[in-house]
Participant: 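I have a structure I would like to understand better, so I am pasting it below and will then ask my questions one at a time.
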Amino acid sequence: MQGCPVSINIPSFIKNIERGEFLNAARVLKSTSALPAVCGRVCPQEKQCESQCMHLKMGHQPVAIGYLERFSADFERESGHISLPEVAPSNGKKIAVIGSGPAGLSFAGDMAKYGYDVTVFEALHEIGGVLKYGIPEFRLPNKIVDVEIDNLHKIGVNFIKDCIVGKTISVKELEAEGFEGIFVGSGAGLPNFMNIPGENFINIMSSNEYLTRVNLMDASNPDTDTPINPAKSVMVVGGGNTAMDSCRTAKRLGAEKVYIVYRRSEAEMPARLEEVKHAKEEGIEFLTLHNPLEYLADESGAVRAVVLQKMELGEPDASGRRSPQPIPGATVTLDIDQAIVAVGVSPNPIVPTSIKGLELGRKNTIVVGENMQTNLPTIFAGGDIVRGGATVILAMGDGRRAAQSMHEYLSK
Ligand code: FAD
Ligand code: SF4
């Protein structure tokens, strides 16, 4: 339980599975987690709950807590016996949520339960944040996220899509419309680039663009308005979950060769172990200790190759990981016809910089206190906009904590 960021009662839910009482297992999970079917699939369990399992200390494999969680939540959904939470009578107070990722959804659910009139504003044409636009269908089926969204609808949460807060409507206007509390859960959807020569050539794009176009805009279909150009040899730069999702997507879109290029060694990769294992099983080639130096293009301006710098590991850096150092003169040229850049994300500045007087941290993250309240008392924030890129379970936990704190604040 100490390994789980939201302290799920792991012994209790597993005991219920052992007894064959699967719906009770799901109930235990839902008393702490808003999205167990999602977390059971995407949590980095090997670093969280499973890393604390006593079986590990005895030299065995840990109990597969994530898979058991996934099973219980799937069983409940497929049994048709989903229990909706009890909702307090309406208190007439309007609350706005900016962003519909796991932070915004869990916040919205809890505030609706407390009796608030909750409206979620989402910039995209789909609700779900990274759960929909980032993590691909083969890892997290959309229907699972849709059931959760549907449940929020059923308890009275309103959703407004295609609405960019800070552009379509301002926070000031929301306040003027009577929203007494605002939760910012706008995530970290601004992709980083490497700023190396040739990065603007045709068929080089961020993983955010690539995954969003494939997941939300049907870009693998050549008849859509914005299809992805078919590619034979794809390089994905990066070693995180986003890189793994991108390379496995490229393989499914028909690429013959897909390379992961990562400047450190496999031991330092931030991706979940399971994603690395699956990528390898699917034939992705790992070029660790390599780093792109520059891209080369054909006469039409489309990428045709990338020059890679070979690296070696030096002393540990500020992150505690051994820092990659270039090996002088050691380069290699790789023929590619598509490159996907997955080297991290930052918060999109639109919401944070549009709120006058809001205290911001590094790279436009929003600064909050223990209770997720910002320096402006009616504005709370959580998830990647505060943490600058973390995990689903942490975003969800933030949403729940913010709901509890905002409820206490507005009840005073
Ligand atoms: P998000 O999920 O980013 O949602 C923010 C929402 O706010 C978006 O829908 C966005 O469109 C909307 N928004 C932004 N600006 C505005 C605005 N101005 N007005 C209205 N709406 C706005 N984590 C894991 O735990 N396990 C994984 O396996 C994993 N894999 C990942 C794979 C990919 C490809 C990516 C990109 C991330 C992955 N993560 C994973 C990280 C995880 O998804 C995030 O930490 C989490 O989704 C953050 O939740 P959030 O609610 O803060 O933000
Ligand atoms: Fe483990 Fe994640 Fe479930 Fe917590 S929510 S018990 S960390 S799988």
Side-chain angles (χ1 to χ4, degrees), residues 1 3-10 13-14 29 32-33 35-36 38-53 64-70 72-73 96-107 120-136 139-140 160-169 171 184-191 207-208 210-212 215-216 240-246 249 270-272 274-275 342 344-345 347-352 354 381-399:
M1 284 174 68
C4 170
V6 296
S7 305
I8 281 188
N9 192 335
I10 296 169
F13 100 80
I14 293 184
L29 289 167
T32 339
S33 165
L35 304 165
V38 174
C39 295
R41 283 175 168 78
V42 305
C43 262
Q45 288 106 7
E46 73 274 6
K47 292 187 196 140
Q48 299 181 344
C49 52
E50 293 178 15
S51 74
Q52 306 291 318
C53 178
I65 301 168
Y67 283 128
L68 290 171
E69 183 168 328
R70 168 181 169 166
S72 312
V97 182
I98 307 173
S100 66
L105 292 180
S106 55
F107 173 87
V120 179
F121 296 85
E122 168 55 52
L124 295 175
H125 60 285
E126 276 275 353
I127 301 297
V130 171
L131 307 181
K132 278 278 184 69
Y133 81 73
I135 302 178
R139 205 149 69 82
L140 178 62
I160 298 183
K161 300 178 195 171
D162 297 311
C163 179
I164 304 175
V165 177
K167 285 204 169 189
T168 323
I169 188 165
V171 166
V184 187
S186 53
L190 187 69
S207 52
N208 281 49
Y210 183 68
L211 292 171
T212 305
N215 293 338
L216 286 194
N241 289 323
T242 314
M244 297 306 140
D245 284 341
S246 301
T249 298
R272 296 175 62 213
E274 188 176 89
E275 302 317 316
V345 285
N348 186 307
I350 295 177
V351 185
S354 76
D384 281 4
I385 187 69
V386 167
R387 297 171 182 273
T391 60
V392 170
I393 187 76
L394 286 171
M396 200 205 76
D398 284 355

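For ligands, and for the atoms within them, numbers begin at 1 and follow the listed sequence.
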Participant: For atom 7 (S) of ligand 2, grab the closest protein heavy atom and report residue, atom and distance to one decimal in Å.
Facilitator: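 Of the protein heavy atoms, Gln48 OE1, 3.1 Å lies nearest.
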
Participant: Against heavy atoms of Leu124, which atoms of ligand 1 measure under 4.0 Å?
Facilitator: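 Answer, ordered by atom number: 11 (O).
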
Participant: Please compare Leu190, Val130, Val42 and report which has the shortest non-hydrogen distance to atom 47 (O) of ligand 1.
Facilitator: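 Among Leu190, Val130, Val42, the closest heavy atom to atom 47 (O) of ligand 1 belongs to Val130.
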
Participant: How close does the nearest protein non-hydrogen atom get to atom 42 (C) of ligand 1, and which residue and atom is it?
Facilitator: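 Among all protein heavy atoms, the one nearest atom 42 (C) of ligand 1 is Val392 CG2, 3.8 Å.
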
Participant: Starting from atom 11 (O) of ligand 1, locate the nearest protein heavy atom and write down its residue, its atom name and how far away it is, to 0.1 Å.
Facilitator: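 Of the protein heavy atoms, Glu122 OE2, 2.6 Å lies nearest.
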
Participant: What residue and heavy atom of the protein are closest to atom 3 (Fe) of ligand 2, and at what distance?
Facilitator: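 Nearest protein contact, heavy atoms only, for atom 3 (Fe) of ligand 2 is Glu69 OE1, 2.0 Å.
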
Participant: Under 4.0 Å from any heavy atom of Gln45, which atoms of ligand 2 are there?
Facilitator: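 In order of numbering, the contacting atoms are 8 (S).
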
Participant: Can you tell me the protein heavy atom closest to atom 4 (Fe) of ligand 2 and the distance?
Facilitator: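 Scanning the protein heavy atoms, the shortest distance from atom 4 (Fe) of ligand 2 goes to Cys4 SG, 2.4 Å.
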
Participant: Okay, side chain of Asn208, backbone of Leu190: is any donor-acceptor separation there less than 3.5 Å?
Facilitator: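 Here the side-chain-to-backbone pair does not exist.
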
Participant: Can you list the ligand 1 atoms lying under 4.0 Å from a non-hydrogen atom of Gly129?
Facilitator: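 In order of number, 2 (O), 4 (O), 8 (C), 9 (O).
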
Participant: Number the atoms of ligand 1 from 1 as they appear, then name those within less than 4.0 Å of a heavy atom of Asp245, with their elements.
Facilitator: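 What qualifies from ligand 1 is 32 (C), 33 (C), 34 (C).
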
Participant: What residue and heavy atom of the protein are closest to atom 1 (Fe) of ligand 2, and at what distance?
Facilitator: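 Answer for atom 1 (Fe) of ligand 2: Cys49 SG, 2.3 Å.
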
Participant: Considering only non-hydrogen protein atoms, determine which one is nearest to atom 2 (Fe) of ligand 2 and report residue, atom name and distance to 0.1 Å.
Facilitator: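 Ranked first by proximity to atom 2 (Fe) of ligand 2 is Cys43 SG, 2.4 Å.
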
Participant: Heavy atom under 4.0 Å from ligand 1: found in Ala395's side chain, backbone, both, or neither?
Facilitator: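 The answer is the side chain of Ala395.
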
Participant: Mind checking whether Ser246 contacts ligand 1 via backbone (N, CA, C, O), side chain (CB onward), both or neither, at a 4.0 Å heavy-atom cut-off?
Facilitator: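 It is neither; nothing of Ser246 touches ligand 1.
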
Participant: Of the backbone atoms (N, CA, C, O) and the side-chain heavy atoms from C-beta on, which set of Leu211 has a member under 4.0 Å from an atom of ligand 1: side chain, backbone, both, or neither?
Facilitator: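 Under 4.0 Å from ligand 1, Leu211 contributes side-chain atoms alone.
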
